[in-house]
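Shown next, in structure tokens, is the structure this report addresses.
Being a predicted model, the structure only gives us computed values, none of them experimental.
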Amino acid sequence: MDKLLNEPGLQLTIILLSVPIIFALILMLVRINRIISNTLKTKELKGIYKKIRNLQPTEITQLEERRHELEFQLAGDELSPNRSVQDPKGLIDQATEVHDIRFLHTKRESKGKVQIPAEERQLILWYLGCAMFWLFVGTSVGFYLGIKFVAPDADHISWLSFGRLRPVHTNMVFWGWASMAMVGFSYYVVPRVGNTRIFSLKSGYYTLILMNSAVLLGSILLMAGVNNSGGEYREYIWPVMALFAGGIIITVYNLFKTIAFRKTEEIYVSNWYIVSAMMFVITILIVAYLPFWQQGLGETIVQGYFMHQGVGMWFMFLNLGLMYYFLPQELNSPVYSYSLSILAFWTQILFYTLIGTHHFIFSAIPWWMQTVAIVASVGMVIPVAAGSVNFMMTIRGSWHRLKLSYVLPFYVVSIIFYFTGSMQGTVEAFRSTNLLWHFTDFTVAHSHLTMYGIITFMLFSFTYTLVPRITSYQPPSLAVGLHFWLALIGVLVYTISLMIGSTLKGIQWMDKQPFIESVVTMVPYWLWRAIGGTMMWISHIVFAYNFYRMIKPRREIYLPQTPADMLEIIQHKKANV
């Protein structure tokens, strides 16, 4: 154990894991302080209502007088030399009263509405609504799979067996939830940065139909036992993925034409990422499904290429492009460095396309190819550091808003996970750490740290930024906060428990202990996995409710704050007597 703790890879992993934990504890203290403050204010509000109910006629008269005083307006000639300066209302003395710290911004609810064509808004909301559906269904399947680790005899139905449901879960959240949400956001960002309209709305709906058809048909076939014989994340048979690829091809053409008709001279960096990601995913699917190199080691190399490029050059690449648009929008400030974004763009293309085989260290794949993947994994420090610094510096000057905003914490957490999760991927590629963690649940933890902590948290952020702006309806703040904490604590419980258990499992394997002993060791950690997964699943129910509230108007209860408000209540009460 001491020898393993001396390994740099394990030490770096522990340090990286501590970053989101410390951040979560700080946020938790901030929220607890806010809950206490709100509790005291609620108690005070109840006292106000009680006092209003017991007001005497003389007190009501005083309220009337005070209302007239507050409605007092200057005539405009108070500073005229023909008038003597007087202050009968005591306004000058009261003007010195300050309730907020002057050098900090006061929380203001965004009431501005982004004006976009109604047809475009409808298309975007359809994409996000379908993505929301696949998120709930896909994570419900994952929730059930987590239960199966604790209760493996939950059912004896072939369609619900672990081997069939696991790819249903992964592919549904990959191609259904994340991909559909990203394409939907792309149909908003690309026209906005070009100051134009979507070239073809009809083509957008064609893509939506093809993507939904691929996920639905693919899921049914997987549950029926019809699959692509193995490769992780490419279990859909080729006709199903052809539907998905066809939809992306249509979208690429649609976005190219939209950019061509832009009214701005430059092409903003978000469009670089978005269009490049879609071109990459088409290339990735073609390479992964053509049969020419699908034998022996060639199939293994192609699998590593597909699996990692799908995550890094489709999900990560496109989400980074969206982040370069939505984060400045949320903060109402420009991106810190355009040059850093371009550096991250080209270095990610350079290094990420070479790292697929780092999942097959110590395999029969040529040693030089494994070494290239490890070196490229280390090279990924450049784009990850450039992107993380760029995002964090964009937030500079707005850190106080963490305690005032329910949306900004989603951004900050996703950026922290972007740095720690990506750096962990680099550390995991080392031969020493690969020897310990390969074939254990550590890979499952890492994939959730990246696909959920980075990609999904980014998509949560973009949703809470965009939807209220195009519908004018805000989600309930308490429900957004509940969603945030359930998702964050859930993913931390899920990943950290699996990482600890997997490390112990790897040690047992290296000590040549019987395999069954490692299974027994993992049982309590699988229980924690199920608990964390359950919290994440519940957070998605809350997220779906918040999305509904953002597209469906609801009558809000207005609390009385001024004498005029209180008098209106009294007059309304008299009118109803």
TODO: Any chance you could lay out the side-chain hydrogen bond (donor to acceptor under 3.5 Å, both in side chains) test for D155 and Y144, step after step, and finish with the verdict?
DONE: CA-CA 11 Å; D155 69 73; Y144 185 60; 2.3 Å; yes
Open item on the list: I'd like to check M211 versus V183 (side-chain heavy atoms, cut-off strictly below 4.5 Å). Are they in contact?
Closed with: yes
Open item on the list: Using the side-chain hydrogen bond (donor to acceptor under 3.5 Å, both in side chains) criterion, which residues pair with H438? Sequence neighbours excluded.
Closed with: none
Open item on the list: Could you measure the distance from the CD atom of E235 to the CZ atom of R164? Nearest 0.5 Å is fine.
Closed with: 13.5 Å
Task: Those residues that, when tested against E517, pass salt bridge (charged side-chain N to carboxylate O under 4.0 Å, His left out) (two or more places apart) - done: none
Task: Exercise: identify the closest heavy-atom pair between I455 and A178 - done: CG2-CB, 4.3 Å
- [ ] Show the numbers, then the answer: is there a ring pair (Phe, Tyr, Trp, His ring centres under 6.0 Å) between Y464 and F543?
- [x] CA-CA 10 Å; Y464 286 126; F543 180 45; 5.7 Å; yes
- [ ] Would you confirm whether S388, through its side chain, and A385, through its main-chain N or O, come within 3.5 Å as a donor-acceptor pair?
- [x] no
Open item on the list: Is the ring pair F174/Y233 parallel, tilted or perpendicular, if the boundaries are 30 and 60 degrees?
Closed with: tilted
TODO: Measure across L297 and A364 and return the closest heavy-atom pair with its distance rounded to 0.1 Å.
DONE: CD1-O, 3.5 Å
Task: By salt bridge (charged side-chain N to carboxylate O under 4.0 Å, His left out) - contacts of R166 (at least two apart) - done: E232
Task: Approximate separation, where rounding is to 0.5 Å, of Q508 CD and T521 OG1 - done: 3.5 Å
Task: Gap between atom SG of C130 and atom CG of L135 - 0.5 Å precision - done: 13.0 Å
Open item on the list: What I'd like to find out is whether the side chain of Y236 reaches to under 4.5 Å of the side chain of S219, using heavy atoms alone.
Closed with: yes
Task: Distance in Å, F315 CZ paired with T456 OG1, rounded so as to fall on 0.5 Å steps - done: 9.5 Å
Open item on the list: Is there a side-chain contact between L436 and I507 in this structure, where contact means two heavy atoms from C-beta onward sitting under 4.5 Å apart?
Closed with: yes
Open item on the list: Surrounding CZ of F362 (heavy atoms of other residues, nucleotides or ligands, distance under 6.0 Å), is the total greater than 12?
Closed with: yes
TODO: Mark yes when over 12 heavy atoms from residues, nucleotides or ligands other than M369 sit less than 6.0 Å from its CE; otherwise mark no.
DONE: yes
TODO: Look at the rings of F460 and W177 and say which category their plane angle falls in: under 30° parallel, 30 to 60° tilted, over 60° perpendicular.
DONE: tilted
Task: Backbone of Y494 reached by a side-chain donor or acceptor of S497 within 3.5 Å - done: yes
TODO: Report the C-alpha distance between M241 and W175 in whole Å, list the side-chain angles of each, state the deciding distance to 0.1 Å, and finish with yes or no for side-chain contact (heavy atoms from CB on, under 4.5 Å).
DONE: CA-CA 10 Å; M241 286 311 295; W175 313 119; 4.2 Å; yes
Open item on the list: Within the 4.5 Å heavy-atom criterion, are V381 and F351 side-chain neighbours or not?
Closed with: no
- [ ] Would you confirm whether Q370, through its side chain, and S363, through its main-chain N or O, come within 3.5 Å as a donor-acceptor pair?
- [x] yes
TODO: Measure the CE-OH distance between M313 and Y273 for me, rounded to the nearest 0.5 Å.
DONE: 9.5 Å
TODO: Would you please classify the geometry between the F457 ring and the F410 ring as parallel, tilted or perpendicular, with 30° and 60° separating the classes?
DONE: tilted
Open item on the list: Could you check whether any side-chain heavy atom of F391 comes within less than 4.5 Å of a side-chain heavy atom of Y324, counting everything from C-beta outward?
Closed with: yes
Task: Closest approach of S461 to Y411 (non-hydrogen atoms, all atoms of both residues) - done: OG-N, 3.3 Å
Open item on the list: Are Y545 and H483, when compared by the centres of their aromatic rings, separated by less than 6.0 Å?
Closed with: no
Open item on the list: Can a donor-acceptor pair be found, under 3.5 Å and without considering hydrogens, that links the side chain of T495 to the backbone of A445?
Closed with: no
Task: Taking every non-hydrogen atom, the tightest pair across G421 and L449 - done: CA-CD2, 4.0 Å
- [ ] Kindly compute the distance separating CG (L459) from CZ (F462), expressed to the nearest 0.5 Å.
- [x] 6.5 Å
Task: Mutual orientation of the aromatic rings belonging to F280 and F317 [parallel < 30°, tilted 30-60°, perpendicular > 60°] - done: perpendicular
